[in-house]
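To start, the structure under review is shown below, and the notes come after it.
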Amino acid sequence: MTTIANNLQQVLGRIAQACQAAGRSPGAVSLLAVSKTFGPDAVVQAAAAGQQAFGENYIQEGVEKIAAVREALPGASLQWHCIGPIQSNKTRLVAEHFDWVHTVDRLKIAERLSAQRPADLPPLQVCIQVNIDGGPTKSGVAPAEALALARAVAKLPRLAVRGLMAIPDHTPELEAQLAVHTSARRLFDEIAALREPGLESFDTLSLGMTADLEAAIQAGSTMVRVGTGIFGGRSYPAA
Ligand SMILES: *Cc1c(COP(=O)(O)O)cnc(C)c1O
């Protein structure tokens, strides 16, 4: 097995174990492989090992990688998730090339994504990014505003609202991780419980990375975003 295939098995093992410890079914949590900073070859190796969903932070890098991987693996049905900040001048690239976006925190960006989503593609699947621990300079809508934004985005014709995403500040203690993850879960449950028109598919809580996936799964994450654990350390830092 390649290192990537081996790492992938270990991460899937961690997810399965965390699900079991939390009394959740093993299929309750999906794995998004975060391939930012790694080349198309790394994605091809992970895809060969069975991984189908990939996350990218930097739009231009992601779009180039999507094209290269498509050429290397024609016919493969991979899913591409945008998990990085989106400037207005990048919305068209996102709308045309990605399947999911986890980082919608402004209506204006959502409106552009909807208007620019090509008619021959399925609706773009969207998570509302929430600034769950309230860092003053962080992306994400305030928790109190998440529902209003989700409702507004749900009205846009070419987007489908799928849930919430959060990136809590890193903290080494499990208890502290759990506290903040649990607040994300509560907000997610409150919105999901409304079962409003436009929010029928509100089923995704994108939460947890390499260092905190156990706490995130214990709290109720349905999708963990793992980079380092699969591809190794990144040689240039996240912007
Ligand atoms: C880089 C990144 C990840 C993956 O982080 P790791 O610690 O490498 O697992 C997950 N989510 C977002 C939003 C990221 O930017």
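Just so you know, ligand 1 is whichever comes first in the structure, and atom 1 is the first atom listed for that ligand.
- Only side-chain heavy atoms of Lys36 come within less than 4.0 Å of ligand 1; its backbone N, CA, C and O stay farther off.
- Contact annotation: Arg234 has at least one heavy atom less than 4.0 Å from an atom of ligand 1.
- Within ligand 1, the atoms closer than 4.0 Å to a non-hydrogen atom of Val226 are 9 (O), numbered from 1 in the order shown.
- Ring-plane geometry between Phe188 and Phe202 is classed as parallel, the angle between the planes falling under 30 degrees on a 0 to 90 degree scale with a further cut at 60.
- In this structure the side chain of Trp80 never reaches within 4.5 angstrom of the side chain of His97, judged on heavy atoms.
- Interface of Ile83 with ligand 1, defined as ligand atoms under 4.0 Å from a residue heavy atom, comprises 11 (N), 12 (C), 13 (C), 14 (C).
- Checked for salt-bridge contact, Arg195 and Glu200 miss the test: no charged N lies under 4.0 Å from a carboxylate O.
- Less than 4.0 angstrom separates some heavy atom of Arg225 from each of these atoms of ligand 1: 4 (C), 9 (O), 10 (C), 11 (N), 12 (C), 13 (C).
- In Asn57, the part holding a heavy atom less than 4.0 Å from any atom of ligand 1 is the side chain.
- Interface atoms of ligand 1 facing Thr228, defined by a heavy-atom separation under 4.0 Å, are 6 (P), 7 (O), 8 (O), 9 (O).
- Of the listed residues (Ile4, Leu8, Asn7, Ile230), just one forms a side-chain contact (heavy atoms from CB on, under 4.5 Å) with Gln45, and that residue is Ile4.
- For the pair Ser88 and Lys108, the minimum side-chain heavy-atom distance is below 4.5 Å.
- Set against the non-hydrogen atoms of Ile167, the atoms of ligand 1 under 4.0 Å away are 13 (C).
- Between Glu61 and Lys36 no salt bridge is recorded (no basic side-chain N to carboxylate O distance below 4.0 Å).
- Looking at Arg92 and Glu96, a side-chain N of the basic residue comes within less than 4.0 Å of a carboxylate O on the acidic one, giving a salt bridge.
- Atoms of ligand 1 lying under 4.0 Å from any heavy atom of Gly227, numbered from 1 in the order shown and given with element: 4 (C), 6 (P), 8 (O), 9 (O).
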